[in-house]
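Down below is the structure, laid out as C-alpha cells.
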Amino acid sequence: KEISVATQNPDVTLTDFTYSPQSSVPDEDVLLSAYLHNKGGSDTNATVEFFIDGNLLQSNVVEILYNSSTASSAIWHALSGKHDVKILLTVVDDANLSDNEIKSIVYGCTGSSILVISDNDAQASTTSLGSESAQEFRKILSDLGYCVSYWSEAEKGSVQIDYLNS
C-alpha cells in the first residue's frame, strides 16, 4: 500500500519547459509550454507568466487539482537571434516558492540550415571528445543564428537520404 504525505496548502512546482519548433525563423509561431505539478494537499489556481527578454508575453490562469499535473502554453512570434525566456508561477498560499521559476533560451534562426549528427553509436571512440560535444556544437551554431537540427545515431540509426532531402 502506498502512503502519500502532503502539506494542507497547494505546493505547485514548474517541472519542465519545452518549445516547438526548436529552430524557428522570424515571424514563425513558436509554442512555449510550461508543465506544472501540484504535490500539495489542496486544489488551486495558478498564474503562469511567460516572459521573453524581460517582457511579458502572456499570462494564463490554470486550475490544478491536488496531486495532479497540467500544462500552460503561449505562442511567441519568433524573432531572429537568441532570446531569454522566463516562466514565473504564482500561487496563493503556495507551500514552497523556491520551485516557481524556470529560465531558458529560445532561438530564432536566420542562417543556413545545419544538421548536427552525433555518431554516438560507435563501440569505441577515437577522440577525447565526450558524447555531449554534438550538443555543444548545436548550441554554438544556434547562438550564431543557424537553423540547427540534431540527429542522434544511437537513438535513430543512420540518417536516411529522405530525411536529408526534406
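It should be emphasised that the depicted structure is a prediction, and the values quoted were computed from it without experimental measurement.
- Counting only residues at least two apart or on different chains, no disulfide bond (SG atoms under 2.5 Å apart) pair has a member in residues 18-59.
- Under a cut-off of 6.0 angstrom, the local environment of OH in Tyr66 is sparse, with at most 12 non-hydrogen atoms contributed by other residues, nucleotides or ligands.
- Remark: Asp11 pairs with no residue by the side-chain hydrogen bond (donor to acceptor under 3.5 Å, both in side chains) rule, at least two apart or across chains.
- For the residue pair His83 and Asp53, the shortest heavy atom distance occurs at ND1-OD2, 2.6 Å.
- When every heavy atom of Ala95 is checked against every heavy atom of Thr7, the shortest pair comes out as CB-OG1, 3.6 Å.
- Here Tyr19 contributes atom OH and Ser73 contributes atom OG; the two are 15.0 Å apart, rounded to the nearest 0.5 Å.
- Paired with Thr44 under the rule side-chain contact (heavy atoms from CB on, under 4.5 Å), one option of Asp93, Asn38, Leu65 passes, and it is Asn38.
- Pairs engaging residues 37-119 under the disulfide bond (SG atoms under 2.5 Å apart) rule: Cys109-Cys147 [sequence neighbours left out].
- Linking Ile, Leu, Val, Met, Phe, Trp and Tyr residues whenever their side-chain heavy atoms come within less than 4.5 Å places Val12 and Phe17 in a single cluster.
- Using a 4.5 Å cut-off between side-chain heavy atoms of Ile, Leu, Val, Met, Phe, Trp and Tyr, with links allowed through other members, Tyr35 and Val48 fall into different hydrophobic clusters.
- Distance check: Ser42 OG to Gln8 CD gives 7.0 Å after rounding to the nearest 0.5 Å.
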* Kindly determine whether Asp43 and Ile64 satisfy side-chain contact (heavy atoms from CB on, under 4.5 Å), including the steps that lead there. => CA-CA 6 Å; Asp43 302 346; Ile64 182 164; over 6 Å; no
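- Side-chain contact between Ile52 and Leu32 is present, with at least one heavy-atom pair separated by less than 4.5 Å.
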Return all side-chain donor-acceptor pairs below 3.5 angstrom for residues 84-91, not counting sequence neighbours, or 'none' if the list is empty.
none

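- Between Ser24 and Tyr107, the shortest heavy-atom distance links the atoms OG-O, 3.1 Å.
- Connection of Val106 to Val116 is not established within any shared hydrophobic cluster, with ILVMFWY side chains joined at heavy-atom distances below 4.5 Å, either directly or through further cluster members.
- Two different hydrophobic clusters hold Val62 and Val92 under the rule that ILVMFWY side chains link at heavy-atom gaps under 4.5 Å.
- Closest non-hydrogen pair, Lys156 versus Tyr150, comes out as NZ-O, 3.9 Å.
- Contact record, Glu28 with Pro21: OE2-CG, 3.5 Å, taken as the closest heavy-atom pair.
- Under a hydrophobic-cluster definition in which Ile, Leu, Val, Met, Phe, Trp and Tyr are linked whenever side-chain heavy atoms come within less than 4.5 Å, directly or via other members, Leu14 and Trp76 are assigned to the same cluster.
- By the 4.5 Å heavy-atom criterion applied to side chains, Asn60 and Thr47 are not counted as neighbours.
- A donor-acceptor pair is defined here as one N or O able to donate and one able to accept, closer than 3.5 Å; such a pair exists between the side chain of His37 and the backbone of Ser68.
- The shortest side-chain heavy-atom distance between Val148 and Phe137 does not fall under the 4.5 Å cut-off.
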* **Working for side-chain contact (heavy atoms from CB on, under 4.5 Å), residues Asp29 and His77** => CA-CA 5 Å; Asp29 286 346; His77 302 291; 2.5 Å; yes
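- Enclosure of atom NZ in Lys103 is not indicated, since only 12 or fewer non-hydrogen atoms of other residues, nucleotides or ligands lie within 6.0 angstrom.
- The CD atom of Gln58 sits 8.0 Å away from atom CD1 of Ile75, with the distance rounded to the nearest 0.5 Å.
- Applying the side-chain hydrogen bond (donor to acceptor under 3.5 Å, both in side chains) rule to Asp16 yields no partners; only residues at least two apart in sequence or on another chain are considered.
- Thr13 meets the side-chain hydrogen bond (donor to acceptor under 3.5 Å, both in side chains) test with Asp99; sequence neighbours excluded.
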